[in-house]
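First up is the structure itself, then whatever we jot down about it.
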Amino acid sequence: VHSLSSAESIKVLLKSIMISPEFLFRFETGTKKSDGMFQIGDKELLSRVAYTATDNPPSKEDLSVASEIVGDSNKFKNYTQKNNNIKANG
């Protein structure tokens with residue numbers, strides 16, 4: 001039985017994390033509808049906008065009020081414009 005050194009153990013651990021699909025990709029599952037299609041939720045939609053516009057996740061504050069932002073067309077428009085400005089001025 002071959003035992004690994006601490007450094008080798010950490011290397012194996014990090015390698016397994018780094019190649020994990022859950023680490024490499026964002027999974028937005030949504031809710032399956034009767035027609036077989038998936039509908040993403042408010043937090044998932046907010047995440048898509050933030051990642052598309054800024055290459056970063058939405059803030060915790062924005063996620064906590066995601067349904068309020070997505071449910072109000074003016075707030076959602078302001079949110080998308082704010083994130084687009086962040087990327088443009090980045």
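Keep in mind it's a predicted model, so treat the numbers as computed, not measured.
- Cluster membership for Ile40 and Phe76, using ILVMFWY side-chain heavy atoms within less than 4.5 angstrom, is shared.
- Closest of all the heavy-atom pairs between Ala66 and Lys43 is CB-CG, 3.7 Å.
- Residues Pro57 and Tyr51 approach most closely at CB-OH, 3.4 Å, considering heavy atoms.
- Within the model, atoms CG of Asn56 and OG of Ser47 stand 11.5 Å from one another, a figure rounded to the nearest 0.5 Å.
- Put simply, NZ on Lys15 and OG on Ser20 are 14.0 Å apart, with the number rounded to the nearest 0.5 Å.
- We find the OG-NZ distance between Ser9 and Lys11 to be 12.0 Å, quoted to the nearest 0.5 Å.
- The two residues Val70 and Leu45 make their nearest non-hydrogen contact at CG1-CD2, 3.8 Å.
- Atom NZ of Lys82 sits about 6.5 Å away from atom CD1 of Ile69, to the nearest 0.5 Å.
- Residue pairs meeting the salt bridge (Lys or Arg N to Asp or Glu O under 4.0 Å) criterion with at least one member in residues 64-76, sequence neighbours excluded, are Glu68-Lys75.
- The hydrophobic cluster containing Ile10 also includes Leu14, under a criterion of side-chain heavy atoms closer than 4.5 Å among ILVMFWY residues, counted directly or through chains of members.
- Smallest separation of non-hydrogen atoms from Ser5 and Glu8: N-OE1, 2.9 Å.
- A side chain to side chain contact (heavy atoms under 4.5 Å, CB included) with Tyr79 holds for exactly one of Val65, Val49, Asn74; it is Val49.
- Residues passing the side-chain hydrogen bond (donor to acceptor under 3.5 Å, both in side chains) test with Thr31, sequence neighbours excluded: none.
- Counting heavy-atom neighbours within 6.0 Å of Lys32 NZ, excluding the residue itself, gives a total of 12 or less.
- In this structure, Glu44 contributes its side chain and Gly30 its backbone to a donor-acceptor pair below 3.5 Å.
- Residues Leu13 and Leu4 do not share a hydrophobic cluster, clusters being chains of Ile/Leu/Val/Met/Phe/Trp/Tyr side chains in contact below 4.5 Å.
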